[in-house]
Chemist: 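Pasting in a structure now, in C-alpha cells, and then I'll have a few things to ask.
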Amino acid sequence: ADAALSDFLSAMCTHARNPIPEATMCKVISSITYLVTQQGACVRKARALHYCAAYSQERPALAPLVELLCSIGGPEAINDADAGGCTPLMLAANNVGYNSPDLTMLRMFLACGADKSITHEDDGLTALGYYRSRVRSHVAFLKGLPENFGGGPPKPLPTLNFEVEGLLMPSDGPTAA
C-alpha cells in the first residue's frame with residue numbers, strides 16, 4: 001500500500017497542472033483517503049509530503065493535498081527526513097523560484113508544523129541554508145557564463161528574497177553552515 005501511495009503521488013505531482021481542477025482534486029483526495037484508510041498506506045513510509053515538496057514551486061495548487069497528508073500523517077510526517085536526510089521543508093526551500101517565487105507551498109508546510117530549525121545531519125543546513133545555497137549556486141553559475149551569452153542585455157543576478165528569508169529563519173537564527 002505504501003508503494004501504491006508513492007506511485008500515485010509521484011504521478012500526480014509530476015503531471016498536475018496549475019490550477020488543478022476541483023473535480024480532479026476531489027478524486028485525488030478520495031484516492032489518497034482510500035489508500036490510507038482501506039489499504040493501510042502510511043504517509044511517512046510513502047514519503048508523501050516529500051513528493052509534494054519536490055514539486056512545490058511548479059505546482060502550488062498541491063497545497064490542499066499537503067494539508068490532507070499532514071492531517072493524516074500527523075506531526076511527525078512533516079518533519080520526517082527522507083533517505084537523503086532532507087525534510088519536506090528543506091526540499092520545498094530548495095525549490096523556491098528566483099524571480100517571483102510562489103510561496104504557497106512553503107507557507108503550507110510551515111502552517112502544518114514544519115520545524116525551521118531542523119538541520120541536515122550531513123551538512124548542518126536548515127531549510128534556510130538550502131534556499132541560500134541554491135541562490136548562491138545559481139549566481140555562481142550565471143557569473144561563469146560568457147558576457148554576451150544569450151544575446152541582449154545581461155539580466156540581473158538573483159538575490160535573496162527577504163520574504164523567503166523571514167519565513168525560513170529559525171527562531172534562534174541561522175546555523176553556522
Side-chain angles (χ1 to χ4, degrees), residues 1-98 100-131 133-134 161 163-164 167-171:
D2 298 333
L5 180 57
S6 291
D7 292 345
F8 178 78
L9 285 168
S10 176
M12 174 63 196
C13 292
T14 303
H15 301 293
R17 290 183 171 75
N18 275 331
I20 298 171
E22 189 175 334
T24 301
M25 186 56 83
C26 287
K27 288 178 186 177
V28 167
I29 289 172
S30 293
S31 296
I32 290 171
T33 303
Y34 172 78
L35 285 168
V36 171
T37 61
Q38 304 298 313
Q39 299 294 312
C42 175
V43 171
R44 287 180 76 187
K45 290 180 184 174
R47 299 286 179 233
L49 290 165
H50 292 82
Y51 282 109
C52 295
Y55 292 94
S56 60
Q57 190 62 38
E58 298 89 8
R59 315 266 191 302
L62 293 171
L65 192 56
V66 169
E67 189 173 25
L68 170 71
L69 293 168
C70 286
S71 69
I72 293 170
E76 298 83 22
I78 191 65
N79 293 312
D80 201 26
D82 62 11
C86 291
T87 65
L89 185 61
M90 289 174 186
L91 294 174
N94 196 47
N95 287 315
V96 170
Y98 301 114
S100 54
D102 186 315
L103 305 178
T104 303
M105 294 286 279
L106 208 58
R107 285 190 178 98
M108 181 56 68
F109 283 114
L110 292 167
C112 287
D115 185 345
K116 301 183 276 189
S117 66
I118 293 176
T119 57
H120 192 283
E121 62 186 40
D122 291 340
D123 56 23
L125 294 177
T126 60
L128 176 62
Y130 277 95
Y131 165 70
S133 178
R134 182 165 186 252
N161 180 304
E163 187 176 5
V164 175
L167 285 171
L168 295 176
M169 182 66 69
S171 58

Chemist: Show which side-chain atoms of residues 20-27 pair as donor or acceptor with protein atoms under 3.5 Å away, not counting sequence neighbours.
Modeler:
none

Chemist: Output all residues satisfying side chain to side chain contact (heavy atoms under 4.5 Å, CB included) with T87, sequence neighbours left out; order by chain, then residue number.
Modeler: L89, M90, I118

Chemist: Give the table of side-chain donor-acceptor pairs shorter than 3.5 Å for residues 64-81, with sequence neighbours excluded, one pair per line with atom names and distance.
Modeler:
unit_1: S71; atom_1: OG; unit_2: L68; atom_2: O; d: 2.7
unit_1: N79; atom_1: OD1; unit_2: D115; atom_2: N; d: 2.7
unit_1: N79; atom_1: ND2; unit_2: G113; atom_2: O; d: 3.4
unit_1: D80; atom_1: OD1; unit_2: R44; atom_2: NH2; d: 3.1
unit_1: D80; atom_1: OD2; unit_2: R44; atom_2: NE; d: 3.4
unit_1: D80; atom_1: OD2; unit_2: R47; atom_2: NH1; d: 2.5

Chemist: By side chain to side chain donor-acceptor pair (under 3.5 Å), which residues pair with Y130, not counting sequence neighbours?
Modeler: D123

Chemist: Using the side chain to side chain contact (heavy atoms under 4.5 Å, CB included) criterion, which residues pair with E58? Sequence neighbours excluded.
Modeler: Y55

Chemist: Does the side chain of L91 come within less than 4.5 Å of S56's, by heavy atoms?
Modeler: no

Chemist: So which heavy atom on P19 is nearest to which on A61, and how close?
Modeler: CA-CB, 4.2 Å

Chemist: What are the two closest non-hydrogen atoms of P101 and N161, and how far apart are they?
Modeler: CG-ND2, 3.5 Å

Chemist: Can you sort out the partners of A54 under side chain to side chain contact (heavy atoms under 4.5 Å, CB included), two or more places apart, ordered by chain and number?
Modeler: none

Chemist: State, to 0.1 Å, how close L128 and P170 come at their nearest heavy-atom pair, and which atoms those are.
Modeler: CD2-CD, 4.1 Å

Chemist: Would you check if M12 and L62 make a side-chain contact, meaning some heavy-atom pair closer than 4.5 Å?
Modeler: yes

Chemist: Given the rule in the side-chain contact (heavy atoms from CB on, under 4.5 Å) test, do I32 and V43 qualify, once you have shown the distances and angles that lead to the verdict?
Modeler: CA-CA 9 Å; I32 290 171; V43 171; 6.0 Å; no

Chemist: Quick check: do Y51 and T14 have side-chain heavy atoms less than 4.5 Å from each other?
Modeler: no

Chemist: Do T126 and K116 make a side-chain contact, defined as non-hydrogen atoms from C-beta onward lying under 4.5 Å apart?
Modeler: no

Chemist: Applying side chain to side chain contact (heavy atoms under 4.5 Å, CB included), can you list everything that pairs with D102, at least two apart in sequence or on another chain?
Modeler: Q57, P60, T104

Chemist: Do the non-hydrogen side-chain atoms of M105 and C52 ever get within less than 4.5 Å of each other?
Modeler: yes

Chemist: Can you sort out the partners of R134 under salt bridge (Lys or Arg N to Asp or Glu O under 4.0 Å), two or more places apart, ordered by chain and number?
Modeler: none

Chemist: I'd like a table of donor-acceptor pairs (distance under 3.5 Å, sequence neighbours excluded) in which one partner is a side-chain atom from residues 35-42, with atom names and distances.
Modeler:
unit_1: T37; atom_1: OG1; unit_2: T33; atom_2: O; d: 2.7
unit_1: Q39; atom_1: NE2; unit_2: Y34; atom_2: OH; d: 2.7

